[in-house]
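Here the structure is a predicted model, which means the values were calculated and not measured.
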Amino acid sequence: MKHLVTLALALTVTASAAPVTLTYWQYDFASKVSTMNELIKKFEAQNPDIKIKQETFPYDAYNQKVASSVPAGQGPDVVNLFYGWLPQYVDSGYLQALPAKDFPTATIERDFVPMLKTSKIGGKYYALPTSVRTLAVFYNKDLFKASGVLTPPRTWEDFIAASQKIVKGAPPRFTQLGFGIQPDGQDYHMLREVLVRQYGGSPYSADGKTVTYDSAAGLKAMTFYTELFTKYKLGTPNFFPGNNSYRDAFIAGKVGMIIDGSFAVATIQKGAKFNWGVLPLPTFKGSSVRSNFGSYWVNGITKNAKGDKLAASVKFLKFLTNAETQRTWLENVGEIPAGKKLSSEATLRRDPVYGPFVASLPFAHSTLFVDESGQRKAWVDAINTVILQGATPASAIKRAATEEQKILNEYYK
């Protein structure tokens with residue numbers, strides 16, 4: 001009998017010592033996946049009672065994969081999501097609100113950059129970022145020099161002039177682009193949150209419920225952007241095949257400038273075999289109005305995490321958002337730390353690559369999406385009516401506004 005009791009105790013101890021295994025999902029982006037693998041090793045060394053299983057999926061299928069798996073009680077315990085998807089996941093009950101005792105609201109808003117408030121839903125935070133992103137101009141210094149462009153552009157007027165010197169060929173037979181125009185890249189964000197504001201407008205009402213870019217400022221913004229193709233012929237969409245055509249073409253040395261996010265730094269550093277640099281987004285000549293688009297991916301805890309898994313998920317989320325992890329993410333992925341303290345460091349602000357992204361944080365706007373994919377489609381489709389079908393900018397901006405307002409009305413009704 002004594003031996004049976006001893007055996008039972010041993011089995012109990014063994015069972016209780018078994019590690020908690022969490023499943024973590026993110027989309028398949030090489031530098032993010034490899035960095036997360038290293039971070040997971042570090043976390044597991046610090047927490048031997050927790051194991052993390054990372055699973056990744058192609059970006060185009062990722063949102064649908066999460067949306068179909070979590071309601072069925074499958075999929076991840078901790079999930080990486082674009083901030084613009086949060087309203088849909090919260091409304092559907094897929095995410096748990098972050099436990100207030102572990103993530104006090106006052107602490108979050110003290111420690112993280114202001115754009116994070118966009119993802120505060122019903123007074124609660126459901127997820128937190130490791131990093132944030134803004135936009136800037138990547139430029140090919142070698143093409144600038146070869147084309148006789150001596151000064152990097154600071155204004156949109158100079159941006160056009162520089163691109164005109166670099167571009168070779170004409171549509172549809174370009175051999176080299178001055179500007180890697182790509183509406184479904186980061187351009188539509190730049191049009192909405194930068195150009196509209198630089199022309200004196202605002203894309204949405206203060207509560208985010210009403211489209212306000214069907215205006216004089218919105219028309220000027222749409223006209224300026226589409227004329228980069230229709231009038232100035234600086235480049236063409238989809239110059240290279242693939243989802244990141246504009247970036248791949250830039251890395252191949254065939255494009256003078258692209259507008260992209262800080263998340264592209266690591267990929268460009270790895271792939272580009274020429275001298276390149278980063279510039280702040282231009283302003284219009286004689287104007288001091290600056291704006292930028294700020295975005296971020298967040299990590300949240302799904303409804304699957306309960307009991308020991310919830311406690312382990314809280315530990316993992318704290319690890320993913322601490323200062324050391326934020327610095328690792330910057331060094332390996334190229335995204336800006338989400339913490340106020342790190343992102344305001346003088347050395348980072350002076351960095352020739354990251355400095356332009358960091359400097360734009362104070363005037364970066366993160367759009368309050370309610371259906372990110374639907375709202376993106378409304379903009380891209382409207383732009384393409386001008387670029388590909390010969391429609392007027394006036395009809396395009398009205399089309400985008402009408403389609404996006406339908407989406408907002410459906411959500412807020």
Worksheet item: With no hydrogens and no angle check, is any side-chain donor or acceptor of S69 less than 3.5 Å from a backbone partner on Q74?
Response: no
Worksheet item: Taking the inter-plane angle between the rings of Y204 and Y213 on a 0 to 90° scale, is it parallel (under 30°), tilted (30 to 60°) or perpendicular (over 60°)?
Response: perpendicular
Worksheet entry | K318 NZ to T325 OG1 distance, which is reported to the nearest 0.5 Å | 13.0 Å
Discussion item. Can you tell me if D91 has over 12 outside heavy atoms packed within less than 6.0 Å of its CG?
Written reply: yes
Fill in: Salt-bridge criterion met for R327 and E324 (N-O under 4.0 Å)
no
Fill in: Nearest-0.5 Å distance that lies between atom CD1 in I52 and atom CD1 in I40
6.0 Å
Response to the item:
Interatomic distance, CZ@F263 vs CD1@I268, rounded to 0.5 Å, equals 9.5 Å
Response to the item:
Exactly one of F240, F179, F274 clears ring pair (Phe, Tyr, Trp, His ring centres under 6.0 Å) with F250, and that residue is F274
Worksheet entry | Test applied, ring pair (Phe, Tyr, Trp, His ring centres under 6.0 Å); reference residue, F144; option that passes from W276, F159, Y139 | Y139
Worksheet entry | Straight-line distance of K32 NZ to W297 CH2, nearest 0.5 Å | 6.0 Å
Worksheet item: Side chains of Q405 and N409: donor-acceptor distance under 3.5 Å anywhere?
Response: yes
Worksheet item: Which of these passes salt bridge (charged side-chain N to carboxylate O under 4.0 Å, His left out) with D77: K309, K303, K53?
Response: K309
Fill in: Partner of F57 by ring pair (Phe, Tyr, Trp, His ring centres under 6.0 Å), out of F29, W25, Y27
W25
Practice prompt. Could you tell me whether E410 and K413 have a side-chain N and a carboxylate O separated by less than 4.0 Å?
Written response: yes
Worksheet item: In Å and rounded to the nearest 0.5 Å, what is the CD1 to NE2 distance from I259 to H189?
Response: 12.5 Å
Discussion item. Main chain of P393, side chain of T223: is a donor-acceptor contact present, judged purely on distance under 3.5 Å?
Written reply: no
Item to complete: Give a yes or no on this: more than 12 heavy atoms of other residues, nucleotides or ligands lie within 6.0 Å of atom NZ of K120.
Response: yes
Worksheet item: Would you say N304's side chain and P76's backbone share a donor-acceptor pair under 3.5 angstrom?
Response: yes
Discussion item. Tell me whether K51 forms a cation-pi arrangement with F43, defined as NZ or CZ under 6.0 Å from the six-membered ring centre and within 45 degrees of its axis.
Written reply: no
